[in-house]
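First comes the structure, then the notes that go with it.
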Amino acid sequence: MQTAEWISFIAQFAHLSRRQRQAGIVLLQGNTPHDATVALLEKLAQTRLACPACHSAHLHRHGHAHGLQRYRCVPCGRTFNALTGTSLARLHHKALWLAYADCLLDSTSVRRAALQLGLHRNTTFRWRHRFLSIAKTDRPHGLHGIAEADEFYVLESEKGARQMTRPARRRGGRAHKRGIANEQICILVARDRTGQTLDFITGKGALTKAQLHRCLSPVIDKDILLVTDDHAAYRAFASEAGISHQTVNLRAGIRVQGAAHVQNVNAYHHRLRQWLRPFHGVATRYLPNYLGWRWILDAGRIRSPETLLKATLGAFPHLTVT
């Protein structure tokens with residue numbers, strides 16, 4: 001290639017997407033996408049190699065299958081590989097896993113991801129929830145200092161159910177009853193001033209103090225200052241739990257009282273609602289996966305497809321900050 005052609009060629013690099021740049025790096029390193037994925041999985045397996053059946057570390061190599069090293073456990077005789085017993089076990093197309101992890105980090109829809117990767121939409125949907133089943137658990141262990149809590153509601157969805165308890169709605173639909181009723185799923189979000197965030201699906205209908213005890217008591221310090229709106233359930237919970245509590249009367253237009261406000265948690269609500277809107281109603285049974293997915297994106301701790309693939313197998317890149 002002539003010098004002028006080379007300069008023209010490399011000038012186009014600035015217009016490449018992140019996925020295209022990563023694919024180019026893999027090609028320059030001489031590895032195929034399949035080899036890169038297998039190498040990452042094998043390296044991760046070496047750090048915690050043990051039989052998934054009896055947990056013995058006494059094992060030996062037992063050939064290869066589907067590109068992965070297999071092992072045989074000496075005490076129980078079982079054979080396994082790096083994916084046995086994980087959420088990625090028995091999934092095909094390993095060469096596309098990193099590309100699909102990048103799709104998750106870009107919040108790509110099921111159909112668009114299927115089109116980009118040359119897969120069926122059912123496959124990308126299955127991969128979405130397999131990838132998120134463990135990665136969603138990378139959460140803070142607790143909240144400290146000043147913590148804000150507030151709830152919001154989403155319409156219950158039976159999308160994908162084979163047997164529905166009501167007539168089907170089109171693309172999300174609307175509730176038949178006004179206000180907060182059993183058609184609404186309550187999502188409680190608690191967030192401290194360092195940005196650590198926990199969310200809980202409390203159930204159908206209005207929030208209760210019993211639900212607050214079940215969700216918040218295990219994850220907050222005794223010396224915490226809980227800031228909420230004037231919902232009666234928060235006052236009752238704080239009184240029984242013996243924690244400091246301050247309310248902000250949003251109905252009266254009072255949004256800030258010194259350091260007391262719920263603007264951080266409400267901003268998180270806004271980002272979550274905006275992000276959920278393109279999905280046109282999330283199935284309630286999958287809602288925990290989507291909440292965990294949103295936290296992955298909002299926290300910014302998982303930034304690369306490789307890191308997300310590791311998190312899918314339970315190897316998080318850092319300790320959770322608490």
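Just so it is clear, the values below take in all heavy atoms, side chains as well, and ignore hydrogens, waters and symmetry mates. None of these values were measured; they are calculated from a predicted model. We number each residue from 1, following the sequence as shown.
The shortest non-hydrogen separation linking K136 to P288 is CD-O, 3.9 Å. Shown here for L98 and A36, the closest heavy-atom pair between the two residues is CD1-CB, 4.4 Å. Nearest heavy atoms, C186 versus G205: CB-O, 3.6 Å. Considering all non-hydrogen atoms of both residues, A89 and R130 come closest at O-NH1, 3.2 Å. When all heavy atoms of A259 and I146 are compared, the closest pair comes out as CB-CD1, 4.4 Å. Between L96 and L117, the closest heavy-atom pair is CD1-O, 3.6 Å.
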Run L105 and R303 through side-chain contact (heavy atoms from CB on, under 4.5 Å) and show every step you take. CA-CA 7 Å; L105 294 177; R303 300 175 181 270; 6.0 Å; no

Verdict with reasoning, N266 to H269, per side-chain contact (heavy atoms from CB on, under 4.5 Å): CA-CA 5 Å; N266 285 339; H269 283 179; 3.8 Å; yes

Might you work through the side-chain contact (heavy atoms from CB on, under 4.5 Å) test for T202 and C215, ending with a clear yes or no? CA-CA 8 Å; T202 62; C215 298; 4.1 Å; yes

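One N or O on the side chain of T284 and one on the backbone of S157 form a donor-acceptor pair closer than 3.5 Å. No side-chain donor-acceptor contact under 3.5 Å links S244 to the backbone of L225. Remark: side-chain polar atoms of T124 are paired, donor with acceptor, to backbone N or O of V110 under 3.5 angstrom. A distance-only check finds no donor-acceptor pair linking the side chain of T208 to the backbone of A206 [under 3.5 Å]. A donor-acceptor pair is defined here as one N or O able to donate and one able to accept, closer than 3.5 Å; no such pair exists between the side chain of K94 and the backbone of T37. Of the possible donor and acceptor atoms, one in the side chain of D229 sits under 3.5 Å from a partner among the backbone N and O of H231. Side chain of R72 to main chain of G63: no donor-acceptor pair is present (N/O by atom type, distance under 3.5 Å, no hydrogens or angles).
The aromatic rings of W97 and W127 lie perpendicular to each other, with more than 60° between the two planes, well past the 30° mark.
Contacts classified as salt bridge (charged side-chain N to carboxylate O under 4.0 Å, His left out) and involving residues 182-207 (residues at least two apart or in different chains) are given here: R139-D199, E148-R193, E156-K204, R191-D298. Annotation: salt bridge (charged side-chain N to carboxylate O under 4.0 Å, His left out) contacts involving residues 43-62, sequence neighbours excluded, are absent. The side chain to side chain donor-acceptor pair (under 3.5 Å) pairs that include a residue from residues 76-92 are R70-T79, N81-T84, where partners are two or more places apart or lie in different chains. Every pair passing ring pair (Phe, Tyr, Trp, His ring centres under 6.0 Å) that includes a residue from residues 52-72 is listed here, sequence neighbours excluded: Y71-F80.
Few gaps surround CZ on R214; more than 12 heavy atoms of other groups in view lie less than 6.0 Å from it. The 12-atom threshold is not exceeded at NZ of K310, counting heavy atoms of other residues, nucleotides or ligands nearer than 6.0 Å. Heavy atoms from other residues, nucleotides or ligands lying under 6.0 Å from CZ of R271 number more than 12.
Under the 4.5 Å side-chain criterion, counting only non-hydrogen atoms from C-beta, L41 is in contact with L313. A 4.5 Å side-chain heavy-atom check between V38 and L68 finds at least one atom pair inside the cut-off. Contact annotation: the side chain of I187 approaches that of L287 to within less than 4.5 Å [non-hydrogen atoms, C-beta and beyond]. Using a 4.5 Å heavy-atom cutoff, the side chains of Y100 and Q116 are not in contact. Residues V154 and V282 are not in side-chain contact: their nearest non-hydrogen atoms beyond the backbone lie 4.5 Å or more apart.
Note that CZ of R128 is 7.5 Å distant from OG of S109, once rounded to the nearest 0.5 Å. Here the CD-CD1 distance, from E151 to I201, works out to 14.5 Å after rounding to the nearest 0.5 Å. Here R294 contributes atom CZ and N289 contributes atom CG; the two are 15.5 Å apart, rounded to the nearest 0.5 Å. In this structure, CG in D102 is found 7.5 Å from OG1 in T108, a value given to the nearest 0.5 Å.
In this structure, S239 has no side chain to side chain contact (heavy atoms under 4.5 Å, CB included) partners at least two apart in sequence or on a different chain. Shown here are the salt bridge (charged side-chain N to carboxylate O under 4.0 Å, His left out) partners of R121, two or more places apart in sequence or in another chain: there are none. Scored by the ring-ring contact (aromatic ring centres under 6.0 Å, His included) test, W293 finds W275, F279, Y290 as partners (sequence neighbours excluded). Judged as a salt bridge (charged side-chain N to carboxylate O under 4.0 Å, His left out), and not counting sequence neighbours, the contacts of K209 are E240. By the side chain to side chain contact (heavy atoms under 4.5 Å, CB included) test, H270 pairs with Q274, sequence neighbours left out. Considering only residues two or more places apart in sequence or on other chains, Y286 meets the ring-ring contact (aromatic ring centres under 6.0 Å, His included) condition with F125, H129. The ring-ring contact (aromatic ring centres under 6.0 Å, His included) check on H261 picks up nothing, with sequence neighbours excluded.
Under a hydrophobic clustering in which Ile, Leu, Val, Met, Phe, Trp and Tyr are joined whenever their side-chain heavy atoms come within less than 4.5 Å, directly or via other members, I7 and F13 fall into different clusters.
Here the rule is side-chain contact (heavy atoms from CB on, under 4.5 Å) with I296, and of L132, D138, T307 only L132 fits it.
Counting Ile, Leu, Val, Met, Phe, Trp and Tyr side chains that sit under 4.5 Å apart, directly or through other members, I180 shares a hydrophobic cluster with L143, Y153, L188, L198, F200, L207, L212, L216, V219, I220, I224, L226, Y234, F237, I243.
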